[in-house]
Participant: 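I am attaching a structure below and will ask some questions about it afterwards.
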Protein chains: 2
Amino acid sequence: MDAVFHALGDATRRQMLRSLAGGERTVGQLAAPFAISLAAASKHIKTLEHAGLIRREVRGRTHVCRLEPGPLAAAHDWLGFYERFWTDRLDALDRVLRADDAIRSPDKEKTDE
Amino acid sequence: MDAVFHALGDATRRQMLRSLAGGERTVGQLAAPFAISLAAASKHIKTLEHAGLIRREVRGRTHVCRLEPGPLAAAHDWLGFYERFWTDRLDALDRVLRADDAIRSPDKEKTDE
DNA sequence: TCCATGCTTAACCGACTGGTTGAATATGGA
DNA sequence: TCCATATTCAACCAGTCGGTTAAGCATGGA
């Protein structure tokens with residue numbers, strides 16, 4: 001989990017994942033959009049691989065990468081735990097607006113406890 | 001987004017968020033479970049604050065923190081973009097199992113392109 | 001066989017990270 | 001007023017990060 005969030009905490013790597021969402025990409029293809037050396041890109045890719053976010057298949061002299069969605073799903077689930085906080089908040093706002101609009105009953109924002 | 005994922009990329013900070021899911025916590029309360037100095041905990045909290053994940057309210061000499069769900073929702077949404085990859089994968093598995101169970105029609109795993 | 005291609009590795013650099021300790025700041029209470 | 005409490009700030013340290021350049025290693029094709 002540490003490795004996953006850490007890997008996601010870099011815009012270059014997130015863009016690489018976006019690219020991989022379009023299908024398989026070689027290391028060179030992944031590196032192309034960025035103004036960095038191939039060595040630097042290679043490190044980014046290794047970071048993604050280490051986090052389990054991509055899988056690499058060596059075909060001849062090219063390394064073909066594909067998205068590995070498992071860790072993304074795990075991170076999504078982890079964040080999902082907090083879903084009630086933003087939905088609750090919207091519900092609370094909704095209640096306040098509804099009450100305010102109708103009968104003017106003061107209703108304090110209630111943020112759990 | 002960089003700051004958010006970076007903040008989440010540390011187990012200590014993630015545990016602090018979990019604690020805050022239970023309601024408001026002071027800096028001291030957030031720091032208590034960890035075998036680190038208060039100064040170190042203060043830095044973690046500042047990191048969470050900088051990422052917009054928490055809000056701080058100074059009450060007298062204590063600093064009370066509360067969860068700020070917005071960036072968590074944003075991260076959740078960002079990951080949601082990839083949802084089709086793990087659901088697709090499950091769908092594919094489902095199709096394979098179903099076909100395998102019924103009529104034995106070979107169906108290659110299809111990972112988009 | 002020889003060379004271009006695709007990519008990794010190694011060594012290095014400046015910046016940042018997570019941790020420390022010690023001092024500073026500000027509030028609350030006796 | 002004086003002290004304890006709650007917290008930050010400043011300086012420091014070792015380790016990691018993202019980047020570089022230069023060299024190395026396979027593979028594919030002429």
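Below, chains carry the letters A, B, ... as their sequence lines are ordered, and counting in each starts from 1.
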Participant: List in chain and number order the residues that pass side-chain contact (heavy atoms from CB on, under 4.5 Å) with Q29(B), two or more places apart in sequence or in another chain; answer none if no residue qualifies.
Facilitator: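 Applying side-chain contact (heavy atoms from CB on, under 4.5 Å) to Q29(B) gives R25(B), T26(B).
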Participant: Can you work out whether G9(A) or Q29(B) has the more 5'-proximal nearest nucleotide on DNA chain D?
Facilitator: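 That would be Q29(B).
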Participant: Is there any protein nitrogen or oxygen under 3.5 Å from a nitrogen or oxygen in nucleotides 9-13 of chain D, and what are the pairs?
Facilitator:
| residue | atom | partner | partner atom | Å |
| --- | --- | --- | --- | --- |
| dC9(D) | OP2 | K46(B) | NZ | 3.4 |

Participant: Quick one: which of dG19(D), dC7(C), dT21(C) gets closest to the side chain of S37(B)?
Facilitator: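 The nucleotide sitting nearest to the side chain is dT21(C).
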Participant: Can you measure from CG (D10(A)) to OG1 (T47(A)) and round to the nearest 0.5 angstrom?
Facilitator: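 Output value for this atom pair is 8.5 Å.
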Participant: For T47(B), which contact category applies under a 4.0 Å heavy-atom criterion: base, sugar-phosphate, or nothing?
Facilitator: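 The answer is nothing, as T47(B) stays clear of every strand by at least 4.0 Å.
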Participant: Between atom CG of L48(B) and atom CZ of R14(B), what is the distance when rounded to the nearest 0.5 Å?
Facilitator: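 Here the rounded value is 11.0 Å.
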Participant: Using a heavy-atom cut-off of 4.0 Å across all strands, would you classify I36(A) as base, sugar-phosphate, or nothing?
Facilitator: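 Sugar-phosphate contact only.
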Participant: When you group the ILVMFWY residues by side-chain heavy-atom contacts below 4.5 Å and let the links chain together, are L38(B) and F34(B) in the same group?
Facilitator: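 Result: no, two separate clusters.
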Participant: Quick one: label T62(A) by what it contacts on the DNA or RNA (base, sugar-phosphate, nothing), any heavy atom closer than 4.0 Å.
Facilitator: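 Sugar-phosphate only.
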Participant: Under the side chain to side chain contact (heavy atoms under 4.5 Å, CB included) test against F85(A), which residue among L20(B), L67(B), L72(B) passes?
Facilitator: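 Per the side chain to side chain contact (heavy atoms under 4.5 Å, CB included) rule, the option paired with F85(A) is L67(B), out of L20(B), L67(B), L72(B).
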Participant: In whole angstrom, what separates L38(B)'s CG from dA23(C)'s C1'?
Facilitator: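 After rounding, the gap between these two atoms is 14 Å.
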Participant: Closer than 4.0 angstrom, basic N to acidic O: yes or no for E68(B) and R66(B)?
Facilitator: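 Result for this pair is no, no salt bridge flagged.
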Participant: Can you measure D10(A) atom CG to dC16(C) atom P for me and round it to whole angstrom units?
Facilitator: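 The distance from CG of D10(A) to P of dC16(C) comes to 14 Å, rounded to the nearest Å.
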Participant: Rounding to an integer number of Å, can you tell me how far F5(B) CZ sits from dT17(C) P?
Facilitator: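 Rounded to whole Å, this separation is 17 Å.
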Participant: How many Å lie between CZ on R13(B) and C1' on dG18(C), as a whole number?
Facilitator: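 My rounded result for the distance is 9 Å.
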Participant: What is the distance, to the nearest angstrom, from the CG atom on D2(B) to the P atom on dC16(C)?
Facilitator: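 My rounded result for the distance is 14 Å.
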Participant: I need the CD-C1' distance between Q15(A) and dG18(D), as an integer number of Å.
Facilitator: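 The answer, rounded to whole Å, is 15 Å.
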Participant: H44(A) NE2 to dT16(D) P: how many Å, rounded?
Facilitator: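 Those two atoms, NE2 and P, are 18 Å apart.
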Participant: Ion pair present between E24(A) and R59(A), side-chain N to carboxylate O less than 4.0 angstrom?
Facilitator: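 Here E24(A) pairs with R59(A) in a salt bridge, since their nearest N and O are under 4.0 Å apart.
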Participant: Taking the six-membered ring for Trp, are F5(B) and W78(B) parallel (under 30°), tilted (30 to 60°) or perpendicular (over 60°)?
Facilitator: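 Correct class here is perpendicular.
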Participant: Would R18(B) pass as a cation-pi partner of F81(A), given that its NZ or CZ must be under 6.0 Å from the six-membered ring centre and within 45 degrees of the axis?
Facilitator: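 That pair qualifies as a cation-pi contact.
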Participant: Where do N or O atoms of nucleotides 27-30 of chain C meet protein N or O atoms at under 3.5 Å, pair by pair?
Facilitator:
| residue | atom | partner | partner atom | Å |
| --- | --- | --- | --- | --- |
| dT27(C) | O2 | R61(B) | NH1 | 3.0 |
| dG28(C) | O4' | R61(B) | NH2 | 3.4 |

Participant: What is the separation between atom NE2 on H50(B) and atom C1' on dC16(C), rounded to the nearest whole Å?
Facilitator: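 Taking atom C1' of dC16(C) as the reference, NE2 of H50(B) is at 13 Å.
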